[in-house]
Number of protein chains: 2
Amino acid sequence: MNSRNKKTAEVSDGPVSMADLAKELGVSMTTVSRALSDHYSIGPATKQKVLKLAKKLNYQPNQMAAALRKGKSKLIGVIVPYIEGRFFPSVVHGIETAARKAGFSVIICQSNEDVAHERKNIETLLNAQVAGILVSLSRNTRDFKHFEKVQKRGVPLVFFDRILEGDNVNAVVLNDREGAYQTTRHLLEQGCRRVAHFAGLQHLNIYKNRRQGYLDALRSFDLPLDEELIIYSDMTLEQGVAGMKQLLALPNPPDGVFAAGDSSILGALQLLKSRGIRVPQDIALAGFSNEGFTAITEPMLTSVDQRCEEMGQATVRLFMELVEAKGTPFYQRQVVLQPQLFIRESSLHSGKR
Amino acid sequence: MNSRNKKTAEVSDGPVSMADLAKELGVSMTTVSRALSDHYSIGPATKQKVLKLAKKLNYQPNQMAAALRKGKSKLIGVIVPYIEGRFFPSVVHGIETAARKAGFSVIICQSNEDVAHERKNIETLLNAQVAGILVSLSRNTRDFKHFEKVQKRGVPLVFFDRILEGDNVNAVVLNDREGAYQTTRHLLEQGCRRVAHFAGLQHLNIYKNRRQGYLDALRSFDLPLDEELIIYSDMTLEQGVAGMKQLLALPNPPDGVFAAGDSSILGALQLLKSRGIRVPQDIALAGFSNEGFTAITEPMLTSVDQRCEEMGQATVRLFMELVEAKGTPFYQRQVVLQPQLFIRESSLHSGKR
DNA sequence: CTGGATTACATAAACGATTGTGTAATTTAT
DNA sequence: ATAAATTACACAATCGTTTATGTAATCCAG
């Protein structure tokens with residue numbers, strides 16, 4: 001059991017510490033530490049010696065010790081509402097990849113769309129001494145209070161996708177408005193004249209912006225806004241079915257639907273097919289998120305890609321900038337990603353009207 | 001900047017330490033530490049006092065310090081091949097939920113289906129002092145060497161889904177063989193007499209077992225094995241298309257296909273539809289994984305559900321058992337989850353033959 | 001009423017790296 | 001040749017917990 005009684009450090013026993021290296025080389029731990037971190041006060045010859053021995057003994061620094069001393073670890077905390085579907089797993093994938101490249105590990109937390117969980121997650125991450133926190137807000141987060149503690153501690157904070165508007169924060173977002181605008185315009189260009197919209201909860205920036213883009217497009221075609229054509233919901237598949245029913249019951253039903261989410265537009269498609277209404281000939285459809293299934297349905301669904309991977313990478317990049325720009329205190333920045341419209345069969349009128 | 005010049009601890013400044021509590025109460029840090037961890041040597045009155053003040057000052061223990069001292073953190077490392085599709089995100093979701101309930105955070109690593117990455121992940125996690133490692137093997141992992149270091153350090157190790165067979169390890173797996181057996185039998189019961197199989201890489205337990213289940217079912221119907229009907233591949237959508245073409249080119253094509261993965265069966269479906277071959281009337285189809293899209297295609301695809309969430313939870317449970325059974329050294333256990341067959345249109349012959 | 005258990009707490013040494021301060025030795029400037 | 005600067009390293013405190021090892025005080029049995 002006794003592992004410290006050896007003259008020359010052997011590879012045999014567990015973790016090699018800086019003390020081991022120091023003893024072996026007959027220098028102080030300071031020298032070893034500074035040699036490893038390329039400190040100016042260490043001579044090139046000594047540095048070489050240390051590096052070589054470190055490699056030879058396969059020295060692995062104890063992250064915890066460093067974290068304790070420095071008050072910061074090599075961990076990045078990520079808070080997402082949930083880990084399902086296509087979007088969040090992909091963003092997390094992007095984050096993980098970029099973070100690891102920069103020498104960080106990521107801790108995943110879910111808020112389960114609940115601000116109370118979100119608060120707990122913050123606590124957890126803070127006393128895990130994370131180097132930074134990346135977060136996409138839960139659905140019912142409406143204030144900023146629990147994040148102030150993070151800022152007060154000087155822990156870099158970056159939001160992505162779902163953010164609190166108005167507040168001056170670091171964030172990576174998609175240009176949802178532009179995506180919605182392009183999509184709606186596309187429907188209009190295909191000949192639609194009454195385009196309906198499945199809208200999400202309006203306190204969330206993403207859904208508000210998508211609705212705004214929809215309105216922009218209508219205006220650009222000098223079309224009037226008909227509030228009857230906007231259906232607000234949580235955008236589930238079931239609500240897509242219900243919404244479509246509601247639209248069909250209108251005296252003057254739409255000839256196109258743009259949904260702020262793919263599940264709901266899928267619901268609409270299923271309902272239309274069950275009623276024998278042709279897509280896109282009778283009603284054209286387009287969604288948002290470019291979920292995997294959009295390329296599988298018949299007809300395939302037009303949708304907006306959210307650049308999940310890029311968003312993850314950009315979020316980490318922004319975090320890194322914050323880490324490096326340590327001095328500058330109020331360095332706030334927003335990165336806006338451009339969405340990409342994938343036009344598929346569900347919106348392609350070939351020469352209608 | 002100076003934060004330690006206060007007689008009574010104020011909530012104002014950052015993290016409250018045990019030393020703060022001790023000073024405030026006029027006891028030693030030992031007492032505080034032990035009171036918080038419910039040590040027998042601390043009187044109930046003192047315990048109460050400490051707990052109360054801790055709550056009042058919102059004391060949050062510094063995980064890093066504890067981890068450093070104890071040599072173990074409250075972190076669980078998870079290594080998965082990738083984070084996409086339905087399976088791994090869902091398992092991770094299950095792991096995350098269960099782990100958090102037990103007071104652990106999870107660190108996610110991807111091996112990108114590469115054993116070299118897997119090795120690096122192990123290193124990363126080990127010197128992050130994780131309390132345990134949960135891993136689903138990369139596609140090209142064929143030996144156990146890099147895991148021996150983990151065991152040597154006494155870090156609990158649990159495999160899930162993709163494991164190395166033969167080795168005596170702790171693992172949570174699906175009964176793939178049973179799932180495949182049931183599915184193939186189902187096809188046979190529906191009247192199929194020539195059932196083909198899209199098989200995956202045979203060195204992976206999951207694909208080997210699925211093939212075995214397929215063979216079991218054939219035998220249970222006294223049907224001969226026709227090697228022509230087994231197509232080996234990586235099971236992508238494209239390979240599903242190609243595989244189906246190959247099968248159709250046979251002098252005596254199959255009347256059913258059971259694939260060890262959903263993507264490939266989707267490819268098969270697409271090809272069949274493009275050729276006007278009816279599913280399930282002419283050829284019945286069934287897949288594996290119960291991906292989201294299986295309920296969306298037309299016809300909907302029969303598939304086997306892998307109990308992703310349960311697998312995640314079971315993996316954490318097994319890990320916890322290992323932690324608690326600290327004394328018992330060679331405590332190895334395998335948990336086998338029962339798959340669930342979801343029968344959908346693609347395999348339902350109504351009275352064929 | 002004495003000796004051994006039990007209760008309730010304190011002292012201080014870890015854990016492994018980082019870093020402000022100190023100090024020789026060497027180099028450069030004057 | 002001497003003061004000043006620079007180079008190259010060591011000492012020791014520190015981060016916040018945990019824990020082995022005391023050590024008083026209280027308690028019960030004999």
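Labels below follow one simple rule: chain letters A, B, ... track the order of the sequence lines, proteins then strands, and each chain is numbered from 1.
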Side chain of A/Arg34, heavy atoms from C-beta onward: which of D/dG16, C/dG16, C/dT21 has the nearest atom to it? C/dT21

A/Gln110-A/His117 side chain donor-acceptor pair, cut-off 3.5 Å: no

Side-chain N,O (A/Tyr59) to OP1/OP2 (C/dG16) below 4.0 Å: no

Distance check needed: C/dG16 C1' versus A/Asp20 CG, whole Å only. 10 Å

Using whole Å, what does the distance between atom P of nucleotide C/dC15 and atom CD of B/Gln129 come to? 13 Å

Nearest to the A/Met18 side chain among C/dG20, C/dA17, D/dT19, which nucleotide is it? C/dA17

Above 12 or not: heavy atoms from other molecules or residues under 6.0 Å from NZ of A/Lys47? yes

Just call it for A/Met29: base, sugar-phosphate, or nothing, with non-hydrogen atoms closer than 4.0 Å on any strand. base

Residue mapping more 5' on DNA chain D - nearest nucleotide basis, B/Ala66 or A/Gly43: A/Gly43

Whole-Å distance, A/Leu126 CG to D/dG16 P, equals 15 Å

Within this structure, what is the CG-to-P distance between A/Leu36 and C/dG16, rounded to whole angstrom? 16 Å

Would you please classify the geometry between the B/Phe159 ring and the B/Phe144 ring as parallel, tilted or perpendicular, with 30° and 60° separating the classes? tilted

Donor on one side chain, acceptor on other, A/Ser33 and A/Thr30, under 3.5 Å: no

Let's test your reading of the model: under 3.5 Å, does the base of D/dT18 pair with the side chain of B/Thr30 as donor and acceptor? no

Among C/dG16, D/dG16, C/dA8, which nucleotide sits nearest the side chain of B/Ala65? D/dG16

So which nucleotide from D/dT17, C/dG16, C/dC9 ends up closest to the side chain of B/Thr31? C/dC9

Specify the residue among A/Ser37 and B/Tyr40 whose closest nucleotide of DNA chain C lies further upstream toward the 5′ end. B/Tyr40

Base, sugar-phosphate alone, or nothing: which one does A/Val32 contact when heavy atoms must sit under 4.0 Å apart? nothing

Just say parallel, tilted or perpendicular for the rings of B/Tyr82 and B/Phe88, cut-offs at 30° and 60°. perpendicular

Rounded to whole Å, CG of B/Asn127 lies from P of C/dA17 at a distance of 10 Å

Strictly below 4.0 Å: does B/Ser17 bring a side-chain N or O up to OP1 or OP2 of D/dG16? no

In whole angstroms, the gap separating C1' of D/dG16 from NZ of B/Lys70 amounts to 13 Å

Using whole Å, report how far CG of A/Leu21 lies from P of D/dA10. 13 Å

Would you indicate which nucleotide in D/dA8, C/dA8, D/dA20 comes nearest to any side-chain atom of B/Ser41? C/dA8

Would A/Arg100 and A/Glu96 satisfy salt bridge (charged side-chain N to carboxylate O under 4.0 Å, His left out), going step by step from the backbone distance to the final call? CA-CA 6 Å; A/Arg100 192 155 305 278; A/Glu96 215 279 326; 2.6 Å; yes

Between D/dA20, C/dC15, C/dT18, spot the one nearest the side chain of B/Arg69, thanks. C/dC15

Atom NE2 of A/His39 and atom C1' of C/dT19: how far apart are they, to the nearest Å? 8 Å

Kindly point out which of C/dA10, C/dG16, D/dA10 is positioned nearest to the side chain of B/Leu68? C/dG16

Quick check for you: among C/dT11, C/dA8, D/dT19, whose closest atom lies nearest to any side-chain atom of B/Ser33? D/dT19

